[in-house]
Amino acid sequence: MSTEKELITIITEAVLETELCKKIEQLGATGYTVIDVRGKGHTGNRGGDWKESANIQIEVVCNAHLAEVITHTLETNYFDDYAMIVYRSPVTVLRSDKF
Amino acid sequence: MSTEKELITIITEAVLETELCKKIEQLGATGYTVIDVRGKGHTGNRGGDWKESANIQIEVVCNAHLAEVITHTLETNYFDDYAMIVYRSPVTVLRSDKF
Amino acid sequence: MSTEKELITIITEAVLETELCKKIEQLGATGYTVIDVRGKGHTGNRGGDWKESANIQIEVVCNAHLAEVITHTLETNYFDDYAMIVYRSPVTVLRSDKF
Amino acid sequence: MIDPIILFFIFGFLASLFRSDLKIPPAIYDLLSILLLITIGMKGGVELAKQPFISLLPQIGVVLLIGFVIPLVLSPVLRQLGKFKREDAASIAAHYGSVSVGTFAVAIAFMENNSIEYEAHLPVFVVMLEIPAIIVGILLAKGIQANMAWGKISHEIFLGKGVVLLIGGLAIGWIAGPDGITKIKPLFFDLFTGILALFLLEMGLITARQLSSLKNYGFFLVGFGIIVPVLMAIGGVWVGLAMGLSVGGATVLGTLTASASYIAVPAAMRISVPSANPTLSLTASLGITFPFNVLVGIPIYYQIAKLMQG
Amino acid sequence: MIDPIILFFIFGFLASLFRSDLKIPPAIYDLLSILLLITIGMKGGVELAKQPFISLLPQIGVVLLIGFVIPLVLSPVLRQLGKFKREDAASIAAHYGSVSVGTFAVAIAFMENNSIEYEAHLPVFVVMLEIPAIIVGILLAKGIQANMAWGKISHEIFLGKGVVLLIGGLAIGWIAGPDGITKIKPLFFDLFTGILALFLLEMGLITARQLSSLKNYGFFLVGFGIIVPVLMAIGGVWVGLAMGLSVGGATVLGTLTASASYIAVPAAMRISVPSANPTLSLTASLGITFPFNVLVGIPIYYQIAKLMQG
Amino acid sequence: MIDPIILFFIFGFLASLFRSDLKIPPAIYDLLSILLLITIGMKGGVELAKQPFISLLPQIGVVLLIGFVIPLVLSPVLRQLGKFKREDAASIAAHYGSVSVGTFAVAIAFMENNSIEYEAHLPVFVVMLEIPAIIVGILLAKGIQANMAWGKISHEIFLGKGVVLLIGGLAIGWIAGPDGITKIKPLFFDLFTGILALFLLEMGLITARQLSSLKNYGFFLVGFGIIVPVLMAIGGVWVGLAMGLSVGGATVLGTLTASASYIAVPAAMRISVPSANPTLSLTASLGITFPFNVLVGIPIYYQIAKLMQG
Ligand SMILES: Nc1ncnc2c1ncn2[C@@H]1O[C@H](COP(=O)(O)O)[C@@H](O)[C@H]1O
Ligand SMILES: Nc1ncnc2c1ncn2[C@@H]1O[C@H](COP(=O)(O)O)[C@@H](O)[C@H]1O
Ligand SMILES: Nc1ncnc2c1ncn2[C@@H]1O[C@H](COP(=O)(O)O)[C@@H](O)[C@H]1O
Ligand code: NA
Ligand code: NA
Ligand code: NA
């Protein structure tokens, strides 16, 4: 089993946390990690002082195929309406059977 | 438009947040993300209990050229006087026109 | 001195913070960064509401050899008993003599 | 004499305007709003424990009706006059149909500062007015569709943090009654005005940050955010007097109808009507209507109530 | 009449059960527990300042003994009846040998609500009961080994946050004495019940989340988590009366023995006995025993104490 | 009798020394300092509302002067005797020219504990002493350059969190006056000493962590951090008596001059004089001078004031 996986990083509105995490699980990811962040992008300043303007960063480690599925789902369902960026990078995992 | 971009990660003193974010925007980045972190390095323990000892991690996704400019600016202006590390890695972004 | 280093990312139980940071230093890392995160994985939901269920993400930039040593140590000592994932990725650092 | 809680709001506003690095940590903002919401809920609940619930039912019915009617009236106005697209009109209408707990607390402080009497069960109306407008707003935005995710939507509406805390506080106050809550009063009741002051400091900081959005969205919003509250306040005061409230009580009801939500509704709309632009509704409710009501609206509504009482 | 702090617990429990997004930020949870622990410690310390320490020594000795004995008794039960592996049995036993500060605070509130007298130095027992069970638990799990990292372990035991705050509060109360602490009373003493209410709200939220683990670990834990506390309460009440405590005091001691730790012990065990499954002990102590004691246990233990007093 | 707030400081110090994992979350530290700063500001403002501002102007003038003079005196001392480089000398001098709000609060608590009278407008001096030393420090470090980023620098000085909260509180207290603030007193005034106790607990934790830097920076700093405050206190007491303050008031002014900033100045220096080593100034101000003043300095300064009063 290959230890080369993909890390997907999603930075988006905090209000989406529950919904996205559920969806990521449903699509087959074995886990995810969420960080409270703040930032600025096309939709303006999201300083995170209160829930409405708070961002989260979601990280998912998974295989290349699932990475495709997840990013595609995000692109289709959330990109138009929400502040969101998504990027991927290759990572080498320990215990690759965990993912 | 290529989807291959660079992710710059800057870990430095929290007191620099406003200044660095402004500079990063001025240099042409389309956005940035900031995380509250703590850590230890050459300048000692930065446990983040209070503002003076707090660190932030700034993440910027941009093209290779801008990445050069930003890292160079950091190196010239801040490396000597502040607790700071900077690293880059290639990432594949969704909607590359956003960056 | 090469500027190509490795970034190790460890996501695990918050209760391990002191112990792991100490060990990472002892093994020879020049520093580390810690972030408070939450998440879900094989050991279930770790929502971070209180210390018992909180996760941390530890990031270490180091050379390839030390990366081997650190990940191996983690694998041997913590993987069986703790909620933990570990992955590595190559990064290009500024001022490579810092690491 | 100017109420110091208003001064805290102005202080926050100015600090943010001058780009001070003053910040209230998000965790503290959460604590403050948890305390405010529970306490207001509890105050309502304690009153319910004092009088037979049945006697309040007619008033509650009227208030619920207000919550349904306001967004139905505002949404077409926004589409026609404001040229907003369907979802945006519906979302803004929902914000104004619902209420702002912070504004309510300032109104109550105004009553007490000026020794104006008001009905003690008014907090119950806050709880009642939170929800109907959200439902109407979603229906206006989406129409009634066969495949609507009602499970998800009603979850957002009834189990959002704001609503849960108000209802939880109400239930606790109701069950425990006036004597039961004696021992928790020092935290929830004695500190209330101080907590409100800190909360308004943060609101000032946030409000000032909304201003930058104003220029992007033209001045229709400014007019809307000032004129509509005044009109709704007149309506609310009139209904209040008609249903037998004192001048103070009618003023508070008028303030409630004049106020626009910035906690429960934004969250629910963001999830349920994603294509509505949140900046529009927040700029209006938080950037214009909130400061207007808090700084100049409430005393005006009180004068209106006195006039209408005749 | 139901105590409102219990209502806060139930409120949190229900909010979490219905998957509301209500959350107490971790920083606020930390603040609440810091305040609770310091205050309970200080209350004990103030009493120590009032009476000669020597006169309490016999009672303290007995209480320490209880802390050592309980895990020694429970661990074999868990291995034999529960079929738990050595480390898990030891860890659960340590949780039940130690105490829950939240449960203690609820017991004190119960006494005051019902005007039942109790000895003011009871908080000292909380401090005494925190630690012994942890030591015993670690020894039971690991046996006495030559190469044991005692430095690390005793650090975990004596310098964990919970223990440090209790002991710190005790010392401050003792040195400052009843008069000394007058000026800090508004924060630490007057707000205490309100702080406890918020703390129980959070405990309700957390408790409900433990329930999902229940189905994975069979119903032995449910039985254990209810029956064992009752038995330990009977023992505790009996010892309490035997050593001369009032009915109220014996009830509180019974409640302490019946309660299981969810702050100090889990952290210490996680570091010192990594192979013990933390979900097992937390599900039992937090998911079952804590709500049982708080909701129904304490009044029962009081009846038991009255009966045994004769 | 030892003040319990001092015990909280010692408690935090010891907990950190023994490497306990006790931590005050950063958000809570922020809340505590926000409350302290606003309250001290408000106390000053309320006094300004009571007496004609003009009557205080001479005293305020003198105090501002002190703030400008101290760093001018200290900086050459640090360069000559301490062999510090220009920027470091300037930065340390700025820290000692400005004031520590925590130390001020402890001094006030000392006065009240010992029923010593003092002028109620002293908090105004805190606000006045915050700023001048920062300006002087920056000028000393950089010289007066043509291309100085004064915009950025004055932003750091006047809009830093500490200064803004003090001035905001001052303004609120001044405008609202003694009666206006009645309703927010429970949070800001009644809880003040308790909040200060928690703040000192955190200061204890932080202070102990500074100690490790001590060995790196030799013992000049230790001497400087103890001798200089005593000398400055004598100066401050003398000026205070000379300008007509009571013994208590002069003691507090002496304590202010003796104290060194660890909030406003470090942040401003870090941005405006990047090449100054922050560890040097923080080790001195926080690791040595703060505990010295709080634990032994204040009573000594009081004795000095009594002696000088004659
Ligand atoms: N170029 C970028 N680099 C890093 N983070 C970004 C970038 N652009 C946007 N973000 C983050 O993604 C969030 C949403 O971006 P946007 O949809 O462009 O408003 C922002 O609030 C930032 O936190
Ligand atoms: N080797 C490293 N790996 C990860 N983070 C580091 C490393 N070295 C330094 N850091 C982070 O960067 C901050 C500043 O580093 P320094 O300038 O070396 O003191 C530290 O406080 C850490 O948070
Ligand atoms: N596939 C994944 N992607 C990202 N984070 C993960 C993943 N699996 C686990 N994690 C994180 O690692 C922690 C421990 O994982 P585990 O040991 O699988 O329970 C989880 O609580 C998550 O925060
Ligand atoms: Na309204
Ligand atoms: Na027990
Ligand atoms: Na000074």
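Chain naming here is simple, since letters A, B, ... match the order of the sequence lines and numbering starts at 1 in each. These figures come from a predicted structure and were not determined experimentally.
The two residues C/Pro90 and B/Ser89 come nearest to each other via the heavy atoms O-CB, 3.8 Å. Listed here is the closest heavy atom pair of C/Lys98 and B/His42: O-CE1, 2.6 Å.
Rounded to the nearest 0.5 Å, atoms CD1 (B/Ile11) and CD1 (C/Ile35) are 7.5 Å apart. One finds the CG atom of C/Asp36 at 9.5 Å from the CG atom of B/Asp36 (value rounded to the nearest 0.5 Å). Between the CG atom in C/Leu7 and the OH atom in B/Tyr87 there is a gap of 4.5 Å [rounded to 0.5 Å].
With contacts defined as side-chain heavy-atom distances shorter than 4.5 Å, the pair B/Lys40/C/Val34 does not qualify. Using a 4.5 Å heavy-atom cutoff, the side chains of C/Phe99 and B/Ile85 are in contact. Residues B/Phe79 and C/Leu94 are in side-chain contact: their nearest non-hydrogen atoms beyond the backbone lie under 4.5 Å apart.
Of all residues spanning residues 53-76 of chain C, those with a heavy atom less than 4.5 Å away from chain B's heavy atoms are C/Ile56, C/Glu59, C/Val61, arranged by number.
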